[in-house]
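One structure below.
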Amino acid sequence: MTNPTSTTPPAETLAGRREWTALGVLMLPLLLVSMDVSVLYFAIPQISADLEPSGTQQLWIFDIYAFVLAGLLMTMGSLGDRIGRRKLLLFGAAAFGTASVLAAYANSAETLIAARALLGVGGATLMPSTMAIVRTMFTDPGQRVKAIGMWSGVMTGGIALGSVMSGILVEHFWWGSVFLVNLPAMVLLLVLGPVLLPESKNPEPGRFDLLSVPLSMAAVLPVIYGIKEIPSEGWNVRYVLSITVGLLFAALFVHRQRTVKSPLISPALFRGRGFAPGVVLNLVSSFGMMGSAYFTTQYLQSVLGKSSMAAALWSLLPTVMVGVAAPVAAQLVAKGVHRAHVVAGGFTVAACGYALLAFTGTDSLWLVLAGAGVLASGIVTVMSQMMDLALGTVPTANSGSAASLLETGAEFGGALGMAVLGSIGTAVYRHGVPADAPAAAHETLGGALAVAGQLPGDAGRALTTAAREAFTNGMQAAAIAGAVVLLAAAVLSVATLRKVTVREDTADHEAGAPAAAPDEKATV
């Protein structure tokens, strides 16, 4: 433990070549976990032809991975604090690799759904474990913010890369190859992880509260399910009821964490002044990121008429700016710019990205790509700083739980962004579609284009034009709403972060934890 009065970490806390090499090893599974969110994008037609899933089964093939991952994040983060983060990471890598093989060679829709669920279990162990290990390896605040910036960039880029990788593999191989690509990275992690990665855990974790596990899942899954369905189905009573049930279980979960002797998620985490703002502002940043993705992917395909593969390749272009944003933010903080101002600047830049999207027309490829790039760079600036802030104000004993809360909040934020902004866009779209158009044309742009293709001559072209203009108008309205939300977040960040400072040597004290015991120090 460093001297509490010191403001500069001693030289021996600086990470060296070993730690940065280990970070590179950690980035590979993280990239693949994020890619798996979108890796089925091009594979689903071949899967449908081969396995012949029903409509419901096809939806579960898509969604079960994200649902299981979101539902188990808090459980796995807490478990890693208890049994060891490296141990849980290696277990997750083995599970992820095994599930990848099962998915690649699945001979039925049921088997593929089960394999995707197991992939979600593996992903839930990998994500908080990687972040917690980064917290353990990089104790110097300056180095940690750089490492977490790289973590954020890989996570963001992986989602965009997944669909492109899927298209390339499916074009040259069979659909199972999109899962087998996971194996080399997982094998590399299993071989190098025990050598390069430090082991750490909470020296006094208490008993594992089993009842909190189903309570946490019952709180997360119904809310995420309801929120994700609202953009396409509207405010259906079923989805509102699902969200309500989830919120009731969330209240029960919080009550248990505050009263049980050994909680799954310790309320002491929120004693650190930077933790709660970090979780909330990270949630808002996910709101902004996923809210825009809901529109830009449809715009590229259905408004500009690009093929799925071409749209996926174009969508990679905005991620180039992501690689610059986090390092620049880290340099600004290192040079003395207050974190509150850097975060507020990130939100403002992201709002400018939405402002660009608000000026798009039906033929504005470069404007949309520029808007998406500016938006993504601002969001990654915020994410990297908020993750560093939240992890820096909690004791390393609870870093797995803290990381899992950040990730769970991000899942909620992403779903909420698609629901709120998607609902705004859908409402404007439906209002703009001609009243005499068939019902299917009023539901989605894809439905309108399908109907237009069946209409003769001028009638089909008129409906196509009207639907594309209506969708673009909806995207403009959603972009304005998104910009307002992000500008409000910029103001909120200044108000909540201006008095928050993070010093590695006082993090445990700020979080209300005792000084780290010798067992808590990272060992190999």
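Reckoned from all heavy atoms, side chains included, excluding hydrogens, waters and symmetry mates. Position 1 is the first residue of the sequence; numbering continues from there.
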Could you walk me through whether Met289 and Leu375 pass the side chain to side chain contact (heavy atoms under 4.5 Å, CB included) check? CA-CA 7 Å; Met289 179 67 80; Leu375 173 65; 5.5 Å; no

Which residues pass the side-chain hydrogen bond (donor to acceptor under 3.5 Å, both in side chains) test with Ser78, not counting sequence neighbours? Arg82

From CA spacing to verdict: side chain to side chain contact (heavy atoms under 4.5 Å, CB included), Phe287, Leu421: CA-CA 9 Å; Phe287 175 101; Leu421 299 186; 4.1 Å; yes

To check you understand the geometry: which heavy-atom pair defines the closest contact between [X] and [Y], and what is its length?
X      : Y      : result
Pro128 : Ala403 : O-CB, 3.7 Å
Gly77  : Ser404 : CA-CB, 3.9 Å
Leu357 : Ala372 : CD2-N, 4.4 Å
Met76  : Ala124 : CB-O, 3.3 Å
Leu183 : Ser100 : CD2-CB, 4.3 Å
Pro277 : Thr496 : CB-OG1, 4.1 Å

Checking the side chain of [X] only, and the main-chain atoms of [Y] only, is there a donor and an acceptor separated by less than 3.5 Å?
X      : Y      : answer
Ser242 : Arg238 : no
Ser285 : Asn282 : yes
Tyr65  : Gly123 : no
Ser302 : Tyr299 : no

Contacts under 3.5 angstrom, residues 376-385 side chains, donor-acceptor by atom type, not counting sequence neighbours:
{"unit_1": "Ser377", "atom_1": "OG", "unit_2": "Gly373", "atom_2": "O", "d": "3.3"}
{"unit_1": "Ser377", "atom_1": "OG", "unit_2": "Val374", "atom_2": "O", "d": "2.8"}
{"unit_1": "Thr381", "atom_1": "OG1", "unit_2": "Ser377", "atom_2": "O", "d": "2.9"}
{"unit_1": "Ser384", "atom_1": "OG", "unit_2": "Val380", "atom_2": "O", "d": "3.1"}
{"unit_1": "Ser384", "atom_1": "OG", "unit_2": "Thr381", "atom_2": "O", "d": "3.0"}
{"unit_1": "Gln385", "atom_1": "OE1", "unit_2": "Arg339", "atom_2": "NH1", "d": "2.9"}

With Ala344, which residues qualify under side-chain contact (heavy atoms from CB on, under 4.5 Å), at least two apart?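 Testing Ala344 for side-chain contact (heavy atoms from CB on, under 4.5 Å), a comparison that skips the adjacent residues, returns Ala490, Ser493, Val494.
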
Hey, what do you get for [atom1] ([X]) to [atom2] ([Y]), rounding to the nearest 0.5 Å?
X      : Y      : atom1 : atom2 : result
Phe179 : Leu119 : CZ    : CG    : 6.5 Å
Leu497 : Leu492 : CG    : CG    : 8.0 Å
Cys352 : Leu487 : SG    : CG    : 7.5 Å
Leu300 : Leu369 : CG    : CG    : 6.0 Å
Leu88  : Leu79  : CG    : CG    : 5.5 Å
Leu118 : Ile113 : CG    : CD1   : 14.0 Å

Strictly by side-chain hydrogen bond (donor to acceptor under 3.5 Å, both in side chains), give each pair with a member in residues 246-257 just once, sequence neighbours left out.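 Pairs touching residues 246-257 that pass the test: Asp209-Arg256, Ser212-Gln257.
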
Return all side-chain donor-acceptor pairs below 3.5 angstrom for residues 474-485, not counting sequence neighbours, or 'none' if the list is empty.
{"unit_1": "Gln476", "atom_1": "NE2", "unit_2": "Thr360", "atom_2": "O", "d": "2.4"}

Criterion side chain to side chain contact (heavy atoms under 4.5 Å, CB included) on Phe347 and Val284, from CA distance to verdict: CA-CA 9 Å; Phe347 275 125; Val284 177; 4.0 Å; yes

Please work out which of the three classes, parallel, tilted or perpendicular, describes the rings of Phe471 and Phe295, given edges at 30° and 60°. tilted

Decide yes or no for Leu89 and Leu126: does some side-chain heavy atom of the first lie under 4.5 Å from some side-chain heavy atom of the second?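 Leu89 reaches Leu126 side chain to side chain.
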
Side chains of Leu389 and Val343 in contact at under 4.5 Å (non-hydrogen atoms): no

List the atom pairs, donor and acceptor, that lie under 3.5 Å between side-chain atoms in residues 247-254 and the rest of the protein, sequence neighbours left out.
none

